[in-house]
Peer 1: 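Let me give you the structure first, and then I'll get to my questions.
These numbers were taken from a predicted model, which means no experiment stands behind them.
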Amino acid sequence: MSPTEATAPRQHAYTGPAQPQLPEPSYAERVRTLVSLASVATLSTLSRKHPGTPFGSLMPYALDSEGRPLFLISNMAMHTQNLREDARASLFVGEAADGDPLGAARATLVGRAEPVPESEVTSVREQYLARHESSRYWVDFADFSFFRLQVVDVYYVGGFGVMGWVTADEYQQAMPDPLASAASGIITHMNADHVPAMILLARKHAGLEATEATMTSVDRLGFYLRLKIAEGMKGARINYLREVATAQETREVLVEMVRLAKAGA
């Protein structure tokens, strides 16, 4: 799937005024990025005590190379007992949000949570401990074992009006955004020190005259701004001049864009 696609046939239609479609990461890439940044989510299993009823549990997880969630769970836990009865499960992963939680990204990974085969336990053990070092104290207890969620479908919500299904194949083939670990630092720096530059870029690239600007997200292809304009608050996406992969490359392209905007290019 190309970066400009976002699983269009399976997403909710946008019903507002027509907008130019700027290239941005696909929904699959956004989900892979989201689940790579988090390490604790909500696992829903089917209750043994109340058949057919979802049972939610707080669940630390790691990821294998294909993005499949890995769990280290005790045989005594209710969710483990549920899974041994019925392997169907879903994992809800949410983005930490400072403002309205409904504006934050989240995803539900649907599938079957099954025991990891003995032949794969050693590699899975290392993948899990790399994410959860403190688990080393109980990882080898006899009543603990590894389970892996075999993803069959994914539902993504990127905020208000941004939502759609991602197939298992799309999810597996996608990669986390290369700026994922640096994004929060870039956003904090821009919002603290470069508001006038973002206002300038909004005027140049989005045609919006803003008095305030806040960067809300950043990825390898561009970034989103929340702008205060005469009519109220408005969001805008601005793409870089070229794709970036590091914080340093992001800084360089933003400096270049501001320079060009000031020169009227």
Peer 1: Which ILVMFWY residues are connected to Leu70, directly or by a chain of links, through side-chain heavy atoms under 4.5 Å apart?
Peer 2: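 Listed partners: Leu72, Val116, Val121, Val124, Tyr128, Leu129, Tyr137, Trp138, Val139, Phe141, Phe144, Phe146.
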Peer 1: Any side-chain heavy atom of Leu109 sitting closer than 4.5 Å to one from Tyr155?
Peer 2: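 The answer is no; the side chains never approach within 4.5 Å.
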Peer 1: Distance check, rounded to the nearest 0.5 Å: Leu37 atom CG versus Ser184 atom OG?
Peer 2: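 If I round to the nearest 0.5 Å, the distance is 8.5 Å.
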Peer 1: Evaluate the side-chain proximity of Val258 to Leu200: yes if any heavy-atom separation is below 4.5 Å, no if none is.
Peer 2: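 The answer is yes; the side chains approach within 4.5 Å.
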Peer 1: Check whether any side-chain heavy atom of Met215 lies under 4.5 Å from a side-chain heavy atom of Leu201, and answer yes or no.
Peer 2: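 A side-chain contact under 4.5 Å is absent here.
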Peer 1: How long is the straight-line distance from CG of Leu46 back to OG of Ser90, given to the nearest 0.5 Å?
Peer 2: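 Reported value, rounded in 0.5 Å steps: 8.5 Å.
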Peer 1: Can you find a heavy atom in the side chain of Pro69 that is under 4.5 Å from one in the side chain of Val35?
Peer 2: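 SC-SC contact between Pro69 and Val35 ruled out.
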Peer 1: Using side-chain hydrogen bond (donor to acceptor under 3.5 Å, both in side chains) as the criterion, list what pairs up with Thr33, not counting sequence neighbours.
Peer 2: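 Per chain and number, Thr33 pairs via side-chain hydrogen bond (donor to acceptor under 3.5 Å, both in side chains) with no residue.
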Peer 1: So which atom in Ile73 and which in Leu83 form the shortest heavy-atom distance, rounded to 0.1 Å?
Peer 2: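 Shortest heavy-atom separation between Ile73 and Leu83 comes out as CD1-CD1, 4.1 Å.
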Peer 1: So Phe71 and Leu91, do their side chains get closer than 4.5 Å, heavy atoms only?
Peer 2: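 Yes, close enough: below the 4.5 Å cut-off.
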Peer 1: Please tell me if the side chains of Val218 and Leu179 come closer than 4.5 Å, counting only heavy atoms from C-beta onward.
Peer 2: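 A side-chain contact exists here, since the closest heavy-atom pair is under 4.5 Å.
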Peer 1: Suppose the criterion is salt bridge (charged side-chain N to carboxylate O under 4.0 Å, His left out): which pairs have a residue in residues 244-256, not counting sequence neighbours?
Peer 2: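 Output for this query lists Arg242-Glu256.
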Peer 1: What residue pairs, at least two apart or across chains, pass salt bridge (charged side-chain N to carboxylate O under 4.0 Å, His left out) with a residue in residues 171-186?
Peer 2: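 Sorted pair list comes back empty.
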Peer 1: Hydrophobic cluster mates of Val152, side-chain heavy atoms under 4.5 angstrom, ILVMFWY only, any path?
Peer 2: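 Once heavy-atom contacts under 4.5 Å are chained together, Val152 belongs with Val110.
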Peer 1: Go through the structure and list residues passing side-chain hydrogen bond (donor to acceptor under 3.5 Å, both in side chains) with Asp143, not counting sequence neighbours.
Peer 2: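 Expected list: Ser74.
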Peer 1: Does atom CE of Met233 have more than 12 heavy-atom neighbours from other groups under 6.0 Å away?
Peer 2: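 Correct, the count exceeds 12.
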Peer 1: Quick one: side-chain hydrogen bond (donor to acceptor under 3.5 Å, both in side chains) partners of Asp169, sequence neighbours excluded?
Peer 2: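 Checked Asp169 against side-chain hydrogen bond (donor to acceptor under 3.5 Å, both in side chains); zero matches.
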Peer 1: Does the ring center of Tyr27 lie less than 6.0 Å from the ring center of Tyr156?
Peer 2: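 Tyr27 vs Tyr156: aromatic centres under 6.0 Å.
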Peer 1: I need the Leu227 CG to Thr214 OG1 distance, nearest 0.5 Å.
Peer 2: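 So the gap between those two atoms works out to 8.0 Å.
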Peer 1: Identify every side-chain donor-acceptor pair in residues 48-60 under 3.5 Å, counting partners at least two apart or on other chains, and give the distances.
Peer 2:
from  : atom 1 : to    : atom 2 : distance (Å)
Arg48 : NH1    : Gln81 : OE1    : 3.2
Thr53 : OG1    : His50 : O      : 3.2
Ser57 : OG     : His79 : ND1    : 3.0

Peer 1: Does the side chain of Leu43 come within less than 4.5 Å of Thr45's, by heavy atoms?
Peer 2: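 In contact.
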Peer 1: May I ask you to say whether Glu212 pairs ionically with Arg226, meaning some side-chain N is under 4.0 Å from a carboxylate O?
Peer 2: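 Salt bridge absent between Glu212 and Arg226.
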Peer 1: Is there side-chain contact between Met257 and Ile238, with at least one heavy-atom pair below 4.5 Å?
Peer 2: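 SC-SC contact between Met257 and Ile238 confirmed.
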Peer 1: The criterion is ring pair (Phe, Tyr, Trp, His ring centres under 6.0 Å); which residues satisfy it with His205, sequence neighbours excluded?
Peer 2: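 Ring pair (Phe, Tyr, Trp, His ring centres under 6.0 Å) list for His205, sorted by chain: empty.
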Peer 1: Quick check against the 3.5 Å criterion: does Arg32 have a side-chain atom that pairs as donor or acceptor with the backbone of Tyr171?
Peer 2: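 Checking the backbone N and O of Tyr171 against the side chain of Arg32, a donor-acceptor pair under 3.5 Å is found.
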Peer 1: What salt bridge (charged side-chain N to carboxylate O under 4.0 Å, His left out) pairs are there with at least one residue in residues 104-113, not counting sequence neighbours?
Peer 2: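 For residues 104-113: Arg112-Glu114.
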Peer 1: Return the NE2 to CD distance between His132 and Gln127, rounded to the nearest 0.5 Å.
Peer 2: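 Taking NE2 in His132 and CD in Gln127, the distance rounds to 12.0 Å.
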Peer 1: With sequence neighbours left out, write down each residue that passes salt bridge (charged side-chain N to carboxylate O under 4.0 Å, His left out) with Glu133, or none if nothing qualifies.
Peer 2: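 Glu133 satisfies salt bridge (charged side-chain N to carboxylate O under 4.0 Å, His left out) with Arg136 once adjacent residues are dropped.
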Peer 1: First locate atom CE of Met198, then atom CG of Leu254, and finally report the distance between them rounded to the nearest 0.5 Å.
Peer 2: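 Met198 CE to Leu254 CG: 9.5 Å, rounded to 0.5 Å.
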Peer 1: Does any N or O in the side chain of Glu126 come within less than 3.5 Å of the main-chain N or O of Ser123, such that one atom is a donor and the other an acceptor?
Peer 2: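 No: the side chain of Glu126 does not pair with the backbone of Ser123.
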Peer 1: Just jot down the salt bridge (charged side-chain N to carboxylate O under 4.0 Å, His left out) partners of Arg88, sequence neighbours excluded, or say none.
Peer 2: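 Arg88 satisfies salt bridge (charged side-chain N to carboxylate O under 4.0 Å, His left out) with Asp86 once adjacent residues are dropped.
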Peer 1: At what distance, to the nearest 0.5 angstrom, does OG1 of Thr216 lie from CE of Met190?
Peer 2: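 One finds 12.0 Å between OG1 of Thr216 and CE of Met190.
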Peer 1: Between the side chains of Arg84 and Asn82, does any donor sit under 3.5 Å from an acceptor?
Peer 2: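 Absent: no donor and acceptor within the cut-off.
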Peer 1: Taking all atoms of both residues into account, what is the closest heavy-atom pair of Ile199 and Ala210, and its distance?
Peer 2: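 Smallest interatomic distance, heavy atoms only, reads CG2-O, 3.3 Å.
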